[in-house]
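A short worksheet on the structure shown next.
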Amino acid sequence: MTDYKATLNLPDTPFPMRGDLAKREPQMLARWQAQQRYRKIRSAKQGKPKFILHDGPPYANGDIHIGHAVNKVLKDIIIKSKILAGFDAPYVPGWDCHGLPIELQVEKKHGKAIPPAQFRELCRAYAKEQIARQKKDFIRLGVLGDWDHPYLTMDYKTEADIIRALGSIYERGYLYQGYKPVNWCLDCQSALAEAEVEYEDKTSPAIDVGFEVKDKGALERAFGVSLPGDARVYAVIWTTTPWTLPANQAVSVHPEFQYDLIKTPRGYLILAFDLATQCLARYQLGGSNDRGDGMAATCKGAALEGLLLQHPFYERSVPVICGDHVTLEAGTGLVHTAPAHGLDDYFVGQKYNLPTDNPVGDDGKFVASLPLVGGLFVWKANDVVIDALQSSGHLLHIEKMLHSYPHCWRHKTPIIFRSTPQWFIGMDNVATDANADIENLVQEKRSHSGKPEKRDGMALRDLANQAVDQTEFFPGWGRARLEAMIRNRPDWCVSRQRNWGVPMPFFVHRETGLLHPRTPELLEQVAKLVERDGIEAWFSLNSVDLLGAEAGHYKKLTHTLDVWFDSGATHAAVLQRRAELRSPADLYLEGSDQHRGWFQSSLLTGCAINGRAPFNALLTHGFVVDGSGHKMSKSKGNVIAPQKIFDTLGADILRLWVAATDYSGELTISDEILKRVVESYRRIRNTLRFLLANINDFDPQQHALPVSDWLEIDRYALALMQNLQDEIVADYARYEFHLIAHKLQTFCSEQLGGFYLDILKDRLYTAGGNSAARRSAQNALYHITHSLVRLIAPVLSFTAEEAWEVLSGKDDASVFVGEWHSLPDARLDGEAVAAWMGIEAWRAKVNKQLEESRAAGLIGSALAAEVDVFVSGQDYDVLARMGDDLRFVFITSRATVHRVAAEAEHRIDVSASLHDKCERCWHYRADVGADAQHATLCGRCVSNLYGGGEARHYA
């Protein structure tokens, strides 16, 4: 008896159904590394147009978290899609290695009593350990890159080039030394960059304080009144930082606001007209302003300019000054002004030549010699100041106030504004001629404020704004965000008081405070030393070695650079230095917080050095939150670690989740979401397995057919594949990966699995092994497989490479050596495509009727059914044209089309077949047993096995 199952062309492939990714992926990685796959791909792309994505360096501290994984996977998807699009797209990963977090970790482990040189060596060793840990996990994610040669900001050459970048900015006139307020962390005991400050709620004492008017004659002239000889008048300020009152140098008013002189039981008070009523209610005072006694009056703020007031607890006079920073949002309309403790205060103070005396030390304590608060920590001083004001009668009101206040992003503690001598990159400075006489440049760097004078040309702020205009943003809202930050940001304080960082290798004259006139030359000499021996070359340098006899006149600075300068200058230290890279980069990609961080520091250094941004486009992604929309937090127990995902589900699952999530907003993750991602992955994998299994015996050299010889449904599938490939390639170019993930899943489950491949099974399995009908199908599947594997490769890299090894028959072959698949023309016009779309729609209707019949017990499988379709008009023409092939489309044993007059008469009748079932193809046909030698076969199977084979025309 013949075993007819053995005569079927059953699918066969080594590509397994179960991915077993967590186990198989590490094995693949080991093989790829041994084969030096990245180098082979780079070699294959030599001479192609360049695409450069510059890696924003993660900080070398701690294991990677899910945000790191999102960032690196997005970059990897882009790099790989560009490689397949025909670009030479190298990826050089990097790490940010200097700065306070590493110092804190070393101090925690080794203590603080360590010699500076040894401390820096320990910091370098710690960073190296952290890089090794993070690199292992990044590689595990399947990220393709030059992991053997990453860039590190602590590499000697990179440290030297960061110094050179500083020198370029100095020579162009953007760098100056100033004594002005900066963000100061009392725990770090260092200045902070804007990007290192975050805002949290803080409860502060909000107080209203009266500054007594000293010159009543001037006051009377301003208000146009005459006061009693014993009248006491107070200009009332409001502040939430009582500890800054020791540094008060003035009281600011707005020149255009109206101010009232109000008689109260506490004396005459000067308050802004718009705030007077609520102020008096707060003080629980009755007052009169033009209410019948004739003693109160009003005037504009400008009339009060120069009025002398008595400081509430120190023996000094302070003037009333005018400033546009004064608002009517809260308080009294008069602003306590301490130039040492606020930028607005500082700028208005410069206008009036006010001193910028800072009485607070690095540790947050007042200098010991200061009356009242000497030696006290600033927060402790609040109570002492308030008590003094209460005792002297200057305190009108006090209450606790919860408000948003700047905090250190590392310590999560409140910071202060504190004037210190620091180095700044001036936002409103204009570039100078790099070849200008250095002595003139040095002299010009010292105006009253210590800030360079403006020259003719574009200020750095204007250059940055121009660069933003020329940058492409993904998503588009990033432009407005960066524009606002550039428009409003203060000068950039780039100096830090730390040990572990790139030094600012300047020599400052001990008497004049000016930089050495040979500073550019000296910077290059130091850079060469650092390039050879690292930053320790500067810290251990004897000034005599460079300055000779002049050394005694100059002080060697110990400041280090802001770490944002380190990473921001990597366009100069990395992109312009490595042969495979170039500046500007095509793309910078980071989280949305980097508008105030790396994007901004890169933009400013690029504009300061080269007059343009170091990037052509910026891509921003959101933060990861849990299924309820909450931030990841260890205390909440909602952290999902990438290590857990790739150790249990596999990196391709994590990669598919990243791609499937719209990164322009928050990225939501949970165990339930990952389960859905796993299901999506299975659909794609099962589709790949079917494709590979059914072209296992297909050799394109022997079995390729002209597309014109293919069955029409095969050409229709090719047209669908071409349309999908065009869309997805365009989506990759626009970085719209969530659309790609959705389209791939839909195509695999619906267009392929739910339609084409379902119909194709009969022809693939039952037609003659080398028949035109089967080879037509295999031709289509061959091209679909090649296209699909490439399209999924940037996202599902492990799975695509696994499939590619099966497809190519070589375990050292990579899908990324090639490009997007070149599909042949399907040779189908729009009318034919529309007809097949109509057939798909009717198939769905037939399937619905078959399901209802099955549920009613009328039929078992669909092949046990016969279908009669009653249709009219064009629908009839489309279906009737298919002839006997229609039953293969509907997967029934018979399908007959009947013409009716109108759409209202459309219907589908399903009946159980009365014929016998073919043992081989399982169709129920009248000719089963017609051939006595093959009594259990239908005529079609007999022909396919022993005759000329069946004739197929459409499906």
Side-chain angles (χ1 to χ4, degrees), residues 42 45-58 75 78-79 82-83 87-96 145-146 149-153 155-172 174-175 425 431 434 458 460 463-474 478 482 486 492 494 502 523-524 527 531 561-590 594-595 597-620:
R42 291 275 297 114
K45 301 299 175 180
Q46 290 300 307
K48 299 286 187 180
K50 288 270 191 185
F51 178 87
I52 304 299
L53 186 156
H54 184 37
D55 189 32
K75 290 173 180 174
I78 291 172
I79 289 293
K82 292 299 181 181
I83 288 172
F87 288 92
D88 178 11
Y91 176 61
V92 178
W95 271 273
D96 208 353
D146 193 356
H149 308 96
Y151 81 83
L152 313 179
T153 58
D155 283 343
Y156 292 176
K157 191 173 189 329
T158 306
E159 289 175 334
D161 285 334
I162 291 169
I163 290 172
R164 292 184 175 106
L166 177 68
S168 296
I169 292 172
Y170 165 75
E171 287 191 76
R172 288 177 61 78
Y174 291 115
L175 188 73
I425 291 176
M458 290 185 70
L460 181 57
L463 275 174
N465 283 327
Q466 177 179 278
V468 171
D469 288 341
Q470 296 166 349
T471 299
E472 191 173 6
F473 286 81
F474 303 92
L482 189 54
I486 295 299
W492 179 8
V494 294
V502 176
L523 279 174
E524 179 54 31
E531 194 166 330
L561 278 166
D562 175 12
V563 291
W564 289 107
F565 188 96
D566 285 18
S567 57
T570 53
H571 60 87
V574 178
L575 290 180
Q576 293 179 9
R577 290 294 190 176
R578 293 188 62 146
E580 72 271 36
L581 304 177
R582 61 159 164 73
S583 182
D586 293 285
L587 184 68
Y588 277 29
L589 181 162
E590 295 302 326
Q594 295 308 312
H595 288 104
W598 190 57
F599 289 163
Q600 198 170 147
S601 64
S602 300
L603 174 67
L604 295 181
T605 55
C607 288
I609 296 171
N610 300 311
R612 63 148 296 156
F615 42 72
N616 294 327
L618 292 178
L619 188 148
T620 306

From [X] atom [atom1] to [Y] atom [atom2], the distance as rounded to the nearest 0.5 Å:
| X | Y | atom1 | atom2 | result |
| --- | --- | --- | --- | --- |
| Asp146 | Arg42 | CG | CZ | 8.0 Å |
| Leu589 | Phe599 | CG | CZ | 6.5 Å |
| Thr570 | Phe565 | OG1 | CZ | 10.5 Å |
| Glu590 | His595 | CD | NE2 | 11.0 Å |
| Phe87 | Ile79 | CZ | CD1 | 11.0 Å |
| Gln576 | Asn610 | CD | CG | 5.0 Å |

Would you say the side-chain atoms of [X] pair up with the backbone N or O of [Y], donor to acceptor, closer than 3.5 Å?
| X | Y | result |
| --- | --- | --- |
| Ser601 | Trp564 | yes |
| Thr605 | Ser602 | yes |
| Lys45 | Ile83 | yes |
| Asp88 | Gln46 | no |

So do [Y] and [X] actually touch side chain to side chain, heavy atoms under 4.5 Å?
| X | Y | value |
| --- | --- | --- |
| Ile169 | Ile609 | yes |
| Val574 | Thr153 | no |
| Glu472 | Asn616 | no |
| Leu175 | Val494 | yes |
| Ile78 | Leu619 | yes |
| Phe473 | Val468 | yes |
| Ile425 | Leu604 | no |

If you take all heavy atoms of [X] and [Y], which pair is closest and at what distance?
| X | Y | answer |
| --- | --- | --- |
| Pro614 | Leu575 | O-CD1, 4.4 Å |
| Ala608 | Tyr174 | O-CE1, 3.4 Å |
| Pro90 | Leu581 | CG-CD2, 4.0 Å |
| Phe474 | Ala617 | CE1-CB, 4.0 Å |
| Lys75 | Leu53 | CG-CD2, 3.9 Å |
| Pro93 | Asp55 | CA-OD2, 3.3 Å |

Open item on the list: Counting neighbours of NZ on Lys50 that are heavy atoms of other residues, nucleotides or ligands and sit closer than 6.0 Å, is the number greater than 12?
Closed with: yes
TODO: May I ask you to check whether Tyr151 and His54 place their ring centres under 6.0 Å from each other?
DONE: yes
Task: Full working for side chain to side chain contact (heavy atoms under 4.5 Å, CB included) between Ile486 and Gln600 - done: CA-CA 8 Å; Ile486 295 299; Gln600 198 170 147; 3.8 Å; yes
Task: Exercise: do Asp562 and Trp492 side chains pair donor with acceptor under 3.5 Å - done: yes
Please output the side-chain donor-acceptor pairs of residues 157-166 that fall under 3.5 Å, not counting sequence neighbours, one pair per line with the distance.
| from | atom 1 | to | atom 2 | distance (Å) |
| --- | --- | --- | --- | --- |
| Lys157 | NZ | Asp161 | OD2 | 3.4 |
| Thr158 | OG1 | Leu152 | O | 3.3 |
| Glu159 | OE1 | Ile535 | N | 3.2 |
| Glu159 | OE2 | His98 | NE2 | 2.9 |
| Glu159 | OE2 | Arg124 | NH2 | 3.1 |
| Asp161 | OD1 | Arg164 | NH1 | 2.8 |
| Asp161 | OD1 | Arg577 | NE | 3.2 |
| Asp161 | OD1 | Arg577 | NH2 | 2.9 |
| Asp161 | OD2 | Arg577 | NE | 3.0 |
| Arg164 | NE | Glu524 | OE1 | 3.0 |
| Arg164 | NE | Glu524 | OE2 | 3.4 |
| Arg164 | NH1 | Glu531 | OE1 | 3.0 |
| Arg164 | NH2 | Glu524 | OE2 | 3.1 |
| Arg164 | NH2 | Glu531 | OE1 | 2.9 |

